[in-house]
Structure formats: C-alpha cells, structure tokens
Amino acid sequence: SQQGEEDPQALSIQEGENATMNCSYKTSINNLQWYRQNSGRGLVHLILIRSNEREKHSGRLRVTLDTSKKSSSLLITASRAADTASYFCATDVQGGSEKLVFGKGMKLTVNP
Amino acid sequence: DTGVSQNPRHKITKRGQNVTFRCDPISEHNRLYWYRQTLGQGPEFLTYFQNEAQLEKSRLLSDRFSAERPKGSFSTLEIQRTEQGDSAMYLCASSFGQLIYGYTFGSGTRLTVV
C-alpha cells in the first residue's frame, strides 16, 4: 500500500515561476525523501529530510516537514523547462524495514 | 561508469516465458533493492539485499519471482511463467549504509508481456 500522497497530481507553470508540491503520509517516519523521474527513466534522489528536521535547502529546492501533520512540501524556485518531470515523495517504514514507500507522484510541466 | 546499470533496457516476452534482468550497482554500495513501477504509480518495493544476503521480501514477490545477489555484487531478478500483469518497469537501486543517504536508481528494465 502507498504511504505518501502527493498533491496536486499535476501542475503546469511558466518558466521562472515557483512550484510547490505537497506530500502527506500516514505513519510515523524516520525520514522523508523526494525523488524526480524523467519520462521512462529511473528516479533521481533530490533531498532527504529527517524527522527531527523542519526545513532543508539544496540549491533551488526547499523541503519542509511537519511531523505533527504528517506532511511535507517541496518548493522548486525559479523553475526551468528542465525541471519538467514527475516528483515522488518516499518515506521509510519504522520497525526495521529497509524499504521506501513511494507516493503516486506529481507531474510537473514547466513551459518555456 | 559510476551509476547503477540495468540490462536489458526493454524486454518483450510471450506469456508463460521466463525472463531474467540484471542489475550492476555502484561498487561501493552494499545495499541493493528491486522495485516495480506500473504506469501512473510510484515504485513498489520488491526485495532488498545487504551484500549477498536477501534480508527482506515483499508479499508482491510471488513464488514466480526470485532474486539473487551472488558474491554481493550484481543482482538478477527472474520471473518465471510470466503473466500480463507482470508488465511493468523493474527498477534497481543501490545505497551505502542505512536509509539516510537516499538511493541511486538505475534506468530500469521495461517488461512487456504479450
């Protein structure tokens, strides 16, 4: 079963605008990760935030985590056409499992 | 090449045939994972190796599926008696250490069962 749920499921913006994606999850976690997937390709790890962190930055990416609401957001600033991809949040499963549980993903289209 | 390599990239097979996929992880990574992704969905966990030991398997991994990682290097995923429902992208990923660094994924093997 899927843990994370991205919102919105699809977003279309103009180059230069900011894009915000939200992720909600159901159970307690140790960390939450965001991945990007270009069409028909493997996933690329973007950023990881631990459960004791509230915000993290990496280049044009900003991730927040609210464990009380079981939600996270990914902000991409000054978007580029090359940011067009599907974005997934993924959470670990407490209890010793090594697996990640992915959401269904969100399709971002950045128009030039 | 320092990435995760998967072969073949595409595989078309007839229902009932056996198929085998190969994954070559990043050499320093001791953890290797197989995931399956169907259209419009996120990846779903299949199995996990630490070195050569298969430590975790999903209930999705029916008895027609088997994975190995001999000598803790490359891994193979075999599907016996393929069914149309097996059509999916099979993704391999590797990582170093515990789940704190993120995975490095390969480009996947797309399986089509006709």
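Values below: every heavy atom of this structure, side chains too, minus hydrogens, waters and symmetry copies. Lettering follows sequence order; numbering is per chain, from 1.
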Take atom CZ of B:Arg15 as the centre, draw a 6.0 Å sphere, and report whether it contains more than 12 heavy atoms from other residues, nucleotides or ligands.
-> no
Same cluster for B:Leu46 and A:Phe102 if Ile/Leu/Val/Met/Phe/Trp/Tyr side chains link at under 4.5 Å?
-> no
Just by distance, do the side chain of B:Tyr103 and the backbone of A:Val44 share a donor-acceptor pair under 3.5 Å?
-> no
Can A:Leu100 be reached from B:Leu61 by stepping across I, L, V, M, F, W or Y side chains whose heavy atoms are under 4.5 Å apart?
-> no
Please check if atom NZ in B:Lys11 has more than 12 non-hydrogen atoms from other residues, nucleotides or ligands closer than 6.0 Å.
-> no
Just give me the residue among B:Gln37, B:Gln6, B:Arg110 that pairs up with chain A most often, heavy atom to heavy atom, under 4.5 Å.
-> B:Gln37
Is the number of heavy atoms from other residues, nucleotides or ligands under 6.0 Å of A:Leu75 CG greater than 12?
-> yes
Under a 4.5 Å heavy-atom cutoff, which of B:Ser107, B:Ser58, B:Gly40 has the most pairs with chain A?
-> B:Ser107
Tell me whether A:Leu32 is reachable from A:Ile76 by hopping between hydrophobic residues (I, L, V, M, F, W, Y) whose side-chain heavy atoms are closer than 4.5 Å.
-> yes
Connected via hydrophobic side-chain network under 4.5 Å: B:Phe105 and B:Phe21 | no
Counting N and O atoms only, with roles assigned by atom type, does the side chain of B:Glu56 sit under 3.5 Å from a partner on the main chain of A:Glu98, one being a donor and the other an acceptor?
-> yes
When B:Phe45, B:Tyr33, B:Tyr48 are each screened for side chain to side chain contact (heavy atoms under 4.5 Å, CB included) with A:Lys99, the one that passes is B:Phe45
Take A:Leu43 and B:Tyr35, measure what side chain to side chain contact (heavy atoms under 4.5 Å, CB included) needs, and give me the verdict at the end.
-> CA-CA 11 Å; A:Leu43 284 79; B:Tyr35 281 75; over 6 Å; no
For residues 81-90 of chain A, please give each side-chain donor-acceptor pair under 3.5 Å, one per line with the distance, not counting sequence neighbours.
residue : atom : partner  : partner atom : Å
A:Asp83 : OD1  : A:Arg60  : NH2          : 2.9
A:Asp83 : OD2  : A:Arg60  : NH1          : 3.0
A:Asp83 : OD2  : A:Arg60  : NH2          : 3.3
A:Asp83 : OD2  : A:Arg80  : N            : 2.8
A:Thr84 : OG1  : A:Ala81  : O            : 3.0
A:Thr84 : OG1  : A:Val110 : N            : 2.9
A:Thr84 : OG1  : A:Val110 : O            : 3.4
A:Tyr87 : OH   : A:Asp83  : O            : 2.6

Under 4.5 Å, heavy atom to heavy atom, which residues of residues 66-93 of chain B contact chain A?
-> B:Met89, B:Leu91
More than 12 foreign heavy atoms under 6.0 Å from NZ of A:Lys56: is that the case here?
-> yes
Examine whether an atom of A:Gln9 lies under 4.5 Å from a heavy atom of chain B, and if so say whether it belongs to the side chain, the backbone or both; otherwise answer neither.
-> neither
